[in-house]
2 protein chains.
Amino acid sequence: MILAAESVATFAGLLADRSRAAMCLALLDGQAWTASELARHAGIGRPTATEHLNLLVAAGLLAEVRQGRCRYLRLAGPQVARLLEELAEMAGQPERPRSLRAVRASADLAAARTCYDHLAGALGVALFDALMSAGLLTNGDGLAVTDAGRAWFTELAGPDALAPASGRQLLRSCLDWTERRPHLSGALGAALCQQFLRRGWVIRCQGSRAVRLTGSGAAAVDRLLGLELAAS
Amino acid sequence: MILAAESVATFAGLLADRSRAAMCLALLDGQAWTASELARHAGIGRPTATEHLNLLVAAGLLAEVRQGRCRYLRLAGPQVARLLEELAEMAGQPERPRSLRAVRASADLAAARTCYDHLAGALGVALFDALMSAGLLTNGDGLAVTDAGRAWFTELAGPDALAPASGRQLLRSCLDWTERRPHLSGALGAALCQQFLRRGWVIRCQGSRAVRLTGSGAAAVDRLLGLELAAS
DNA sequence: CGGACAGTTCGGCGCATGCCGAACTCTGGC
DNA sequence: GCCAGAGTTCGGCATGCGCCGAACTGTCCG
């Protein structure tokens, strides 16, 4: 019992540092970053970043892939992403943006962003609502895909999107921390996000988790879901 | 974005200390402890405990009630308990019990314990399974109470147990970290646990989250659920 | 009123750890 | 082969913070 306290403390300590937390939160975009990028993002030197990243990888929070002279880092899995989101939510938002640029940036984030591997923000919530009211998903005590939904997702993303993903839950609703309402997560949420990116319906904003809905994206959601949104 | 890192780090830092973690984990039993009890449990002096508890209360992790010269502490809410459970699970179990007594204690915990405010361990999982196979709960894409279940719970715990609890989810399944299978959580899980304690079907083991199934408890679960368990 | 006890405040000690600069290693490209 | 750039190792500095003992406040009880 007292040993558990020790290991919980050690584990929490991994995220109890401003630099390590900044790096982990950056990785919530679901992509792999190089060590140098993470160092710059956290505002620290490369040596220090190396130390931090070694810790995080050893603890199983981060996974690494070495390619040539670059070391790519990503979150070790969805549970880690989930934990980070919860932590970020409970940590509250005492963040009162102090520059116009920061306001602009956080407005972009609130409009549309990726949340690890799926879409979030106002866009994510709007999509979720549209999927529900179009009868493609139901929420009768737990999320489920309807028959119409199966057809819809198969046409969009191929039959694999609905295949029993390797141990991962197909549908999950994730509480959006800007909208305070749920959006679609889980394997299907990830597949949806992937298609939106691949088809150019949304594009990533440089160096941020924010994404922009393109003209073709707006047209697509109108056509497929009857959802009228403005491109940005 | 960088501000969020700061607050996440600060928040995680609250649990990144062995003593604070020990106190929080102790409070996972769902009961209120006095400051001195927590200090003793964490193996630190009262002055140090006061500092830690002030931090945890200020951060909203713990709630306090002052009565006379005693200061009672409890977890601030179910989300906190959930976060702690997740953290404890991810922190893994590098705990290789080193004394016979520790083995015995962890065996007790695995058999039956409280998980914040509901029953867990082998007992919790067995009850959950029995509720399902008796047709009182269903899990067709999300937990739900059947009509038979409504009658059963009303008889056991009164109609309030099924009332729309103040904002809290009625049913939740919580992954048991010893059994690796789900047990009943949420408001109904809490009500069930409360009845078991009130009726003397289980009793708390001193200074631990473990509980013991009594003889009358074993008889009751057999009568009500057809579940044959040995008292311990 | 006085003793017992829970909790708090204060000052100071000592360790843990986050940080950097400088030097080193490895890979890829010309 | 040599240079550029990514990453690592090392030594040392500075700060933060967890801890305690001693003294103080407040409550309950006889």
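The sequence lines fix the lettering, A, B, ..., with proteins before strands; numbering per chain opens at 1. Scope of the values below: all heavy atoms of this structure, side chains included, with no hydrogens, waters or symmetry mates. These figures come from a predicted structure and were not determined experimentally.
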Are H52(B) and dC19(D) close enough that a side-chain N or O sits under 4.0 Å from OP1 or OP2?
-> yes
Reckon T50(A) has a side-chain N or O less than 4.0 Å from the OP1 or OP2 of dG7(D)?
-> no
Determine, step by step, whether T214(B) and S216(B) satisfy the side-chain hydrogen bond (donor to acceptor under 3.5 Å, both in side chains) criterion, reporting the C-alpha distance in whole Å, the side-chain angles of both residues, the deciding distance to 0.1 Å, and the verdict.
-> CA-CA 5 Å; T214(B) 62; S216(B) 67; 3.2 Å; yes
So what does S36(B) touch, heavy atoms closer than 4.0 Å: a base, only the sugar-phosphate, or nothing?
-> sugar-phosphate
Please name the residue in the list M23(B), R20(B), H52(B) that meets the side-chain contact (heavy atoms from CB on, under 4.5 Å) test with L38(B).
-> M23(B)
Whole angstrom value for the distance that separates [atom2] of [N] from [atom1] of [X]:
| X | N | atom1 | atom2 | result |
| --- | --- | --- | --- | --- |
| L38(A) | dG7(D) | CG | P | 9 Å |
| I44(B) | dC17(D) | CD1 | C1' | 13 Å |
| E51(B) | dG16(D) | CD | P | 16 Å |
| L55(B) | dC17(D) | CG | P | 9 Å |
| Y72(B) | dT27(D) | OH | C1' | 13 Å |

So the contacted stretch of DNA chain C, first to last nucleotide with an atom under 4.0 Å from a non-hydrogen atom of chain A, runs from dG18(C) to dG28(C)
Is the closest side-chain heavy-atom distance between L83(B) and L83(A) below 4.5 Å?
-> yes
Salt bridge flag under 4.0 Å for residues E86(B) and R82(A) | yes
Calculate, to the nearest 0.5 Å, the distance between atoms CD and CZ belonging to E6(A) and F11(A) respectively.
-> 15.0 Å
So H183(A) and H118(A), would you call those rings parallel, tilted or perpendicular, with 30° and 60° as cut-offs?
-> tilted
